[in-house]
Amino acid sequence: MTNTVPAFWSPRIGALEPYVPGEQPRIENLVKLNTNENPYPPSPVAVEAIRRAAESGLERYPDPTSLALREAVARRHGLQVDQVFAGNGSDEVLAHAFFAFFQQAEPLLMPDVSYSFYKVYAQIYGIQCEVQPVDDGLRIDVDALAARARKGCGGIVIANPNAPTGIGLPLARIVQLLEACPQRVVLVDEAYVDFGGESALSLIPRHPNLLVVHTLSKSRALAGLRVGFACGQSHLIDGLVRVKDSFNSYPIDRLASAGAVASLDDEAWFRTTCDKIVDTREGLSLQLEDLGFDVLPSQANFVFARHPQRDAAELAALLRERAVLVRHFRQPRIAQYLRISVGTREQCMQLVQHLQDILAPT
Ligand code: PMP
């Protein structure tokens with residue numbers, strides 16, 4: 001990073017280290033397994049709803065309260081409408097939550113291996129963080145996190161299943177964190193929960209400090225639409241609304257609302273697609289193990305794997321030369337792992353074939 005701040009920048013932005021999203025290149029016949037997108041198209045009912053929404057009303061602003069969408073979430077998850085907040089992708093919801101709840105005198109706690117955007121939000125809002133090392137199997141050390149929280153903290157944020165490991169925590173462990181941190185918010189980011197994790201939504205009535213964040217980008221194949229939501233008791237939702245109404249009154253546009261509502265109501269499409277991805281993930285994990293990879297047990301739509309004899313950055317580069325994209329993080333503790341999104345069966349077969357070639361003794 002340069003030490004000089006370009007003209008016109010305010011001093012603080014020169015010091016930011018922004019999140020780097022996975023690349024979205026324009027390469028033909030790409031096997032794109034780098035950003036945990038759903039390999040299948042979204043519900044056709046959702047696509048039709050977006051088409052219809054485009055036919056009239058675009059000259060008007062959308063509903064600033066996103067009521068129809070919040071009602072659909074409440075219906076799907078057995079919540080009250082005032083327990084739901086909607087935003088422009090869960091990244092925006094997370095950012096608002098950091099602003100609303102974590103600007104405290106004590107540090108925000110998170111595992112050292114986690115979704116890397118959390119540190120970026122903390123940085124932009126001047127939130128002090130303290131990381132808790134995951135164990136040798138890259139599992140979140142809940143006992144250590146809870147013990148640290150009991151001494152006083154500004155809140156806790158975790159992804160469950162965790163990113164980029166895919167490892168899930170059972171609900172009892174979430175309760176342990178909620179009880180260790182009763183004065184502050186515990187944010188559970190469930191971006192990947194629909195692929196086999198245990199959701200903490202059922203804990204909301206009993207825990208006033210629980211905020212659960214979901215996205216329609218993964219299990220509902222709507223990454224291009226940008227819709228996410230948070231669920232919690234209404235006092236937390238009111239806090240988020242205050243931030244949103246100080247930032248952007250209309251985060252959910254008319255097309256996004258129509259598509260998201262239809263998608264949330266299409267349970268059959270959702271179940272079939274998630275089941276296919278889980279099934280493919282199990283097959284892919286076994287095939288990677290056959291190739292000599294250590295594969296972490298995943299409850300997400302990706303697997304996290306390392307090859308004991310081959311450098312992960314080099315493998316990612318060799319795959320890229322063959323138009324197969326996977327994600328590699330140059331970060332402490334996980335630099336020898338590849339995060340591979342679960343594609344269609346066909347895409348996963350192509351990945352495995354390329355890896356077989358690359359790993360074959362010459
Ligand atoms: N949380 C986690 C753990 C993620 O991996 C992602 C995807 N990068 C998000 C949140 C954000 O998803 P979106 O903004 O597409 O809803």
Side-chain angles (χ1 to χ4, degrees), residues 18-24 32-39 42 46 66 69 73 84-98 102 108 110-122 124 134 138 140 156-169 174 186-197 199-200 211-231 240 244 247-248 251-253 256-257 259-260 263-264 277 281 296 298-304 325-329 331 334 337-342:
Y19 177 74
V20 182
E23 54 176 334
Q24 301 283 353
K32 193 171 177 307
L33 306 176
N34 67 328
T35 48
N36 298 343
E37 288 143 328
N38 199 307
S66 304
L69 171 55
V73 172
V84 183
F85 173 83
N88 189 258
S90 62
D91 280 338
E92 185 185 81
V93 176
L94 290 166
H96 288 347
F98 272 60
F102 295 148
L108 169 66
M110 64 181 82
D112 61 342
V113 174
S114 191
Y115 182 33
S116 41
F117 225 140
Y118 302 151
K119 283 193 189 151
V120 180
Y121 299 131
I124 198 167
V134 293
L138 301 189
I140 295 177
I156 301 176
V157 59
I158 58 164
N160 189 35
N162 198 12
T165 64
I167 300 173
L169 287 176
I174 305 296
V186 176
L187 195 166
V188 184
D189 177 354
E190 295 190 339
Y192 301 104
V193 77
D194 294 326
F195 303 104
S199 175
L211 191 74
V212 181
V213 174
H214 277 212
T215 177
L216 274 68
S217 298
K218 316 293 180 184
S219 55
R220 294 189 183 270
L222 289 170
L225 208 61
R226 311 305 301 129
V227 178
F229 57 89
C231 303
L240 291 171
K244 175 218 134 206
F247 181 78
N248 175 6
I252 304 287
D253 66 61
S257 174
S263 168
L264 284 159
I277 291 171
R281 176 188 72 208
L296 297 186
S298 171
Q299 292 185 302
N301 68 336
F302 55 85
V303 296
F304 206 48
L325 284 193
V326 299
R327 192 90 198 259
H328 172 250
F329 298 94
Q331 284 171 19
I334 57 169
Y337 281 85
L338 295 176
R339 192 195 67 188
I340 304 168
S341 308
V342 178

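Counting convention: from 1, in listed order, for ligands and their atoms alike.
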Undergrad: Counting non-hydrogen protein atoms only, what is the nearest one to atom 9 (C) of ligand 1? Give residue, atom name and distance.
TA: Tyr115 OH, 3.5 Å

Undergrad: Using a strict 4.0 Å cut-off to heavy atoms of Arg226, name the atoms of ligand 1 that fall inside it.
TA: 13 (P), 14 (O), 15 (O)

Undergrad: What atoms of ligand 1 come within less than 4.0 Å of a heavy atom belonging to Tyr192?
TA: 3 (C), 4 (C), 5 (O), 7 (C)

Undergrad: Would you say Thr215 and ligand 1 have an N/O pair spaced under 3.5 Å apart?
TA: yes

Undergrad: Considering only the protein, which heavy-atom contact is closest to atom 11 (C) of ligand 1, and what is its distance?
TA: Asp91 OD1, 3.1 Å

Undergrad: Would you please name every residue forming a ring pair (Phe, Tyr, Trp, His ring centres under 6.0 Å) with Phe85, sequence neighbours left out?
TA: none

Undergrad: In the protein, which heavy atom is nearest to atom 1 (N) of ligand 1, and how far is it?
TA: Asp189 OD2, 2.6 Å

Undergrad: Who's the nearest protein heavy-atom neighbour of atom 12 (O) of ligand 1, and how far?
TA: Ser90 OG, 3.2 Å

Undergrad: State the atoms of ligand 1, each with its element, that fall below the 4.0 Å cut-off from a heavy-atom position in Gly89.
TA: 14 (O), 16 (O)

Undergrad: Enumerate the atoms of ligand 1 whose separation from the nearest heavy atom of Lys218 is less than 4.0 angstrom.
TA: 7 (C), 8 (N)

Undergrad: With a 4.5 Å cut-off on side-chain heavy atoms, are Asp91 and Arg226 touching?
TA: yes

Undergrad: Answer whether the closest heavy-atom distance between the side chains of Gln24 and Lys32 falls below 4.5 Å.
TA: yes

Undergrad: Fit a plane to each ring of Tyr192 and Phe302, take the angle between them on a 0 to 90° scale, and name the class: parallel (under 30°), tilted (30 to 60°) or perpendicular (over 60°).
TA: perpendicular

Undergrad: Looking at atom 15 (O) of ligand 1, what's its closest protein heavy atom, distance included?
TA: Ser217 OG, 2.6 Å

Undergrad: Here's a test for you: under ring-ring contact (aromatic ring centres under 6.0 Å, His included), which of Tyr121, Tyr115, Tyr118 qualifies with Tyr19?
TA: Tyr115

Undergrad: Only one of Asn36, Asn34, Thr35, Leu325 clears side-chain contact (heavy atoms from CB on, under 4.5 Å) with Ser341; which?
TA: Asn36

Undergrad: Sequence neighbours excluded, which residues qualify as ring pair (Phe, Tyr, Trp, His ring centres under 6.0 Å) partners of His214?
TA: His77, Phe229

